[in-house]
Protein chains: 2
Amino acid sequence: MKKTSLSDIAKALGVSKTLVSLVLNNRGDEVGINKDTQKKVIKMARKMNYKPNMVARGLRLGASKTIGLIIPNIGNLFYARIARVIEDEAGKYGYRVMSASSDENPEKEVGLIKVLMERQIDGLILASSLKDRTEIINLRKEKVPFVLIDRYFPQMKTNYVIVDNYHASYNVVTHLINQGFRKIGLLKITPSYLTPIRSRFEGYRDALHDHGIRFDKRLVKEIPFGGISNAMEQALPELLFKPVSADALFFLNNDLTVTGLGIINKLGLRIPQDVAIISFDDLKLFQLLYPPVTAVAQPWQEMAKEAVRVLMQEIKSPGTIKEKSQVILPARLEVRKSCSKF
Amino acid sequence: MKKTSLSDIAKALGVSKTLVSLVLNNRGDEVGINKDTQKKVIKMARKMNYKPNMVARGLRLGASKTIGLIIPNIGNLFYARIARVIEDEAGKYGYRVMSASSDENPEKEVGLIKVLMERQIDGLILASSLKDRTEIINLRKEKVPFVLIDRYFPQMKTNYVIVDNYHASYNVVTHLINQGFRKIGLLKITPSYLTPIRSRFEGYRDALHDHGIRFDKRLVKEIPFGGISNAMEQALPELLFKPVSADALFFLNNDLTVTGLGIINKLGLRIPQDVAIISFDDLKLFQLLYPPVTAVAQPWQEMAKEAVRVLMQEIKSPGTIKEKSQVILPARLEVRKSCSKF
DNA sequence: TTGAAAGCGCTAACAA
DNA sequence: TTGTTAGCGCTTTCAA
């Protein structure tokens, strides 16, 4: 038993497809179709359990009512929450979302973009791990409406919604310095060309500089996305013991913090007496750790909402808006006990 | 500048669409198309930046190469991780996934099923919040291949991949009893008709019974999905203080545990001296809490993998397999210090 | 107030 | 070795 189509209904009723289509799209009155005919059509549609084929509709209309979402990893709570909000917001406009994880892998990301484009997405929200912007320039050439989130390309005029990483990081480091810490280790996720990572690094560097503390590159470690555990097992002792002897650690994402806390625990070090801790990206459980972990709470909800808003605007009036929407959201430092001296 | 289609290439080359289609689908040799012609076609396709329109292809072929995933909330790490694995696994077969969150709301879920069906998904993975199976019976009538995960319908012969909730829960409670706890509070998420919740409850009840402990319904609290915080603020004091005075709490999902821990903390109670804690569903940070939280680690990875495997099998040979795949995976109890009397 | 026909981009049967 | 034609299910002119 095949699915019923418009013409099945039309045939059953001895009318035309057009008529059925019109009625079922609530354009019956507008066009002036007999009320009774309308009733008949609707009744028959229900009786035959008709479900419109949105794919066919999309093909005809040239719009799939689907947006793509590419993020590093939907299995990371930061992005999972964003995905959730995007799903809800896009849903309000009748859009569904197809999401895909890039694993911070540029080649994979390029592949995903291609796949999603082939599936005729009407727009794309992208937390890109791309190194250079050529791929983004391509995107623009293809005329897909898109919005960058979390990461952007400073040299390019695109839509984006990001967090003010520089100041958030600057504030973190300033706070640590004010608390009396001087040897602040920084744990970056790679690839380190990602704009949030770079901005956070610059905030770190400038805050040190502005407080007269010399930058020591031994305090900065890069941790590859694909092998966090191993890299951290090696990096943390190097940072925490002689000769480097960091007295504070600043983790640049939630995975790093969680893994880092585990290792610090195993090493038998006390927080904050032996080492202070601050995390970029906040998790609920951070409040319940002993001691509670200070963290930068990112405005993920606003970011997702704004991204959808901007994308919908771009989809509605493609190209007409000359100035791109560029949104920079502040992050909040949640000071807890993991970074207080004494 | 519109996108290039097959016929654009055909026109540019003065050949037929068929030819182009055949070549681009790597069926050139099979059919026996001139090597040179093939080269020309491929070159022109590249030159014109051709991207196949999978929607049109899907319409023609009657297969979208898309599967739907409906879960309670992709913003919950348990489901986010599952979604990630499903994405990866389905990708291996050339499928993309469209996910949607039901918020444990049956009406919303029915709506989502409809929307996804309209979008011509080839299959559905469903962590259902439906109360009765009529909707699932409909699904079967529609002939969409589907697999239930996490939750199932005992009276129905469907594909499903679930966790052995009953025994996991039985083991938890037995462990608590062996540790000397007697007044074990149970915090269920609603709707409580969900099979995992029911099975866990039954495991709880039977374990108590088998150890000669009387079931006390005052020890069981239902927490609505939509208002966890408020409900817990009220429920926990009722459980923990007189006259009920629970000496242990068993939380039936990670949200409950996280919220619960926060409240216990605020109440100034010590774990496990004042109250022991066990969580259904494990989180990395549970190991780092003070004390570390005992938890049931669910095999989410296997569950997701199996679900995709079964679904792909069902899609490939629809209806031919008479016996449905029913997979029940064991869960592991990770004993930590939050539930030891010592 | 309704219908016929074209066409979105693709593939498959059949012909040449 | 290649082309013609039909049709997936839908909407939209245009005509009646």
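The sequence lines fix the lettering, A, B, ..., with proteins before strands; numbering per chain opens at 1. What you see below is based on every heavy atom in this structure, not just the backbone, and it leaves out hydrogens, waters and symmetry mates.
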Watson-Crick or G-U stems involving DNA chain C, each at least 3 pairs long, distances under 3.5 Å, ordered by first number: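 If one scans DNA chain C for consecutive Watson-Crick or G-U pairs, the stems found are C:1-16 with D:1-16.
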Which whole-number value in Å describes the distance from [X] [atom1] to [N] [atom2]?
X         : N       : atom1 : atom2 : value
Glu118(B) : dC10(D) : CD    : P     : 10 Å
Met117(A) : dG9(C)  : CE    : C1'   : 16 Å
Leu19(A)  : dT11(D) : CG    : C1'   : 13 Å
Leu13(B)  : dG3(D)  : CG    : P     : 10 Å

Nucleotide nearest Asn53(A) when distance is taken to its side chain, options dT2(C), dC10(D), dT4(D):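 In terms of side-chain proximity for Asn53(A), the closest of dT2(C), dC10(D), dT4(D) is dC10(D).
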Pro52(B) side chain, from C-beta outward: closest of dT11(D), dG9(C), dC10(C): dC10(C)
Test: Lys92(B) and Glu89(B) ion pair at under 4.0 Å: yes
Charged N-O contact under 4.0 Å between Asp88(A) and Arg84(A):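 Between Arg84(A) and Asp88(A) there is a salt bridge, with a charged N closer than 4.0 Å to a carboxylate O.
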Sugar-phosphate only, base, or nothing, as touched by Val31(A) at under 4.0 Å among non-hydrogen atoms: base
Touch class at under 4.0 angstrom, heavy-atom based, for Gly28(B) against every strand present: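 Answer is nothing: Gly28(B) stays at 4.0 Å or more from every strand.
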Straight-line distance of Ile121(A) CD1 to Thr66(A) OG1, nearest 0.5 Å: 9.0 Å
Collect all protein-nucleotide pairs involving nucleotides 12-16 of chain C in which both atoms are nitrogen or oxygen and the distance is under 3.5 Å.
unit_1: dA12(C); atom_1: OP2; unit_2: Arg27(B); atom_2: NH1; d: 2.9
unit_1: dA12(C); atom_1: N6; unit_2: Thr18(B); atom_2: OG1; d: 2.9

Of residues 32-39 of chain A, the positions that come close to DNA chain C - non-hydrogen atoms, cut-off under 4.0 Å: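 Gly32(A), Ile33(A), Asn34(A), Thr37(A), in order of number.
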Residue-phosphate contact under 4.0 Å: Arg57(A) side-chain N/O, dT11(D) OP1/OP2: yes
